[in-house]
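So the structure is just underneath, and the comments pick up after that.
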Amino acid sequence: MRLKGKTALITGGTLGIGKAIALKFAQEGAKVAILDLEVNEEWMQSYKGEMMGIVCDVQYKSQVDAAIAQVTETFGHIDIAVINAGICELTPFLDITEEAWERHIAINLKGAFLVGQAVAKQMVESGVHGSIIHMSSVNGMRAENTQAHYNASKGGLNLLAMSMAVELASHHIRVNALCPGFIATRLTQAEIDNEAGIKEYLKTIPMKRVGLPEEIADAAVFMASDESRYMTGHCLVIDGGQLIKLA
Ligand SMILES: NC(=O)c1ccc[n+]([C@@H]2O[C@H](COP(=O)([O-])OP(=O)(O)OC[C@H]3O[C@@H](n4cnc5c(N)ncnc54)[C@H](O)[C@@H]3O)[C@@H](O)[C@H]2O)c1
């Protein structure tokens, strides 16, 4: 049990990568609070007492602050935060609307700032030596077609993680980012269902397969635990080799 006695907050933990992290953290002994747009999932019932769900839209400070207050009231403090809630719409650059741009920045980047700052304040107040993990993407490091708003939000997120790492080190708080490649979730289901498209896409991945949410969860346990105690400000790529491939 690598997270025994720890309390963790995970945004966007109802589905996909966040759900896999919530389950893995619980298996490793952590108490888990999920903040999401919807939290009435049946699978959470079997973790009664160990897992709580709070409805929260991360783009609104009032909702974030209220949710974090509820978590600390219930669990006492927060040791680990995985800031994972995010959206990605595929749209050619010339067609991206102002609303779509603002939506991506508000959820993926501003939401990460709001949650990150509120959690960090809570950690400093309670003297916790915490670990904060941002869910970034390989798209924060390289530009992919039809995702300019998403790419920009994740690029900003990597610098947010580094900035927080620099300023929070003196408070014994580590801040890192995970940068997954193509992972099978609701977010990517339409692309996976496109048989011809996915066959072509897999050619860009040296390991020739998509990743699984559980493979990101394993990295999250490492980042959350003392095993990564001298790591901060790091962007860890988990992508089957996609980013290092020249052609
Ligand atoms: N799937 C991939 O290939 C992939 C690759 C790299 C990075 N990521 C990142 O991983 C994270 C999770 O993605 P996923 O693939 O699991 O997606 P998903 O759509 O399966 O799950 C996203 C979760 O976030 C929640 N959410 C969305 N907007 C929210 C908001 N405003 N407030 C609170 N919760 C909100 C959703 O309700 C959902 O539970 C995202 O930040 C995404 O950018 C995903």
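Note that ligands are numbered from 1 as they come in the structure, with each ligand's atoms numbered from 1 the same way.
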Checklist entry - In terms of residue, atom name and distance, what is the protein heavy atom nearest to atom 42 (C) of ligand 1? => result Y150 OH, 3.6 Å
Checklist entry - Is the closest side-chain donor-acceptor distance between Q63 and D57 under 3.5 Å? => result no
Next on the checklist: Using heavy atoms and a 4.0 Å limit, tell me yes or no: is C179 in contact with ligand 1?
Outcome noted: no
Checklist entry - Out of curiosity, is L37 lining ligand 1, as in a heavy atom under 4.0 Å away? => result yes
Checklist entry - Counting only N and O atoms by type, is there a donor-acceptor contact under 3.5 Å from the side chain of T7 to the main-chain atoms of K31? => result no
Checklist entry - At what distance is the nearest protein heavy atom to atom 24 (O) of ligand 1, and which residue and atom is it? => result G12 CA, 3.4 Å
Item to check | Qualifying ring-ring contact (aromatic ring centres under 6.0 Å, His included) pairs with a residue from residues 102-135, counting only residues at least two apart or across chains | outcome: H104-H149, H129-H172
Item to check | Backbone of L178 reached by a side-chain donor or acceptor of S136 within 3.5 Å | outcome: no
Checklist entry - Okay, side chain of R186, backbone of G16: is any donor-acceptor separation there less than 3.5 Å? => result no
Item to check | Which segment of E38 sits under 4.0 Å of ligand 1 when only heavy atoms are counted | outcome: neither
Checklist entry - For ligand 1, is there an N or O atom under 3.5 Å from any N or O atom of P180? => result no
Checklist entry - Nearest to atom 10 (O) of ligand 1, what protein heavy atom do you find, and at what distance? => result M135 CG, 3.3 Å
Checklist entry - What residue among L157, I132, L9 forms side chain to side chain contact (heavy atoms under 4.5 Å, CB included) with I83? => result I132
Checklist entry - Tell me, which protein residue and heavy-atom name are nearest atom 31 (N) of ligand 1, and how many Å apart are they? => result D57 OD1, 2.9 Å
Checklist entry - So which protein heavy atom does atom 33 (C) of ligand 1 come closest to, and at what separation? => result C56 O, 3.2 Å
Next on the checklist: Closer than 3.5 angstrom, by distance alone: can the side chain of K4 be matched with the main-chain N or O of G29 as a donor-acceptor pair?
Outcome noted: no
Item to check | Top protein contact for atom 15 (O) of ligand 1, by heavy-atom distance | outcome: T185 OG1, 2.6 Å
Checklist entry - Is S137 close to ligand 1, meaning an N/O of one under 3.5 Å from an N/O of the other? => result no
Item to check | Minimum-distance protein heavy atom relative to atom 32 (N) of ligand 1 | outcome: V58 N, 3.1 Å
Checklist entry - Which heavy atom of the protein is the closest neighbour of atom 13 (O) of ligand 1, given with residue, atom name and distance? => result L187 CD2, 4.0 Å
Next on the checklist: Can you confirm whether E191 is buried at CD, in the sense that more than 12 heavy atoms of other residues, nucleotides or ligands lie under 6.0 Å from that atom?
Outcome noted: yes
Checklist entry - Is there any N or O on N84 that sits under 3.5 Å from an N or O of ligand 1? => result yes
Checklist entry - So is K154 close enough to ligand 1, meaning a heavy atom under 4.0 angstrom away? => result yes
Next on the checklist: Does any N or O of ligand 1 fall below 3.5 Å from an N or O anywhere on D36, backbone included?
Outcome noted: yes
Item to check | Partner residues of F182 under the ring-ring contact (aromatic ring centres under 6.0 Å, His included) criterion, sequence neighbours left out | outcome: Y201
Checklist entry - G181: heavy atom below 4.0 Å from ligand 1, yes or no? => result yes
Checklist entry - Any N or O on I17 sitting closer than 3.5 Å to an N or O of ligand 1? => result yes
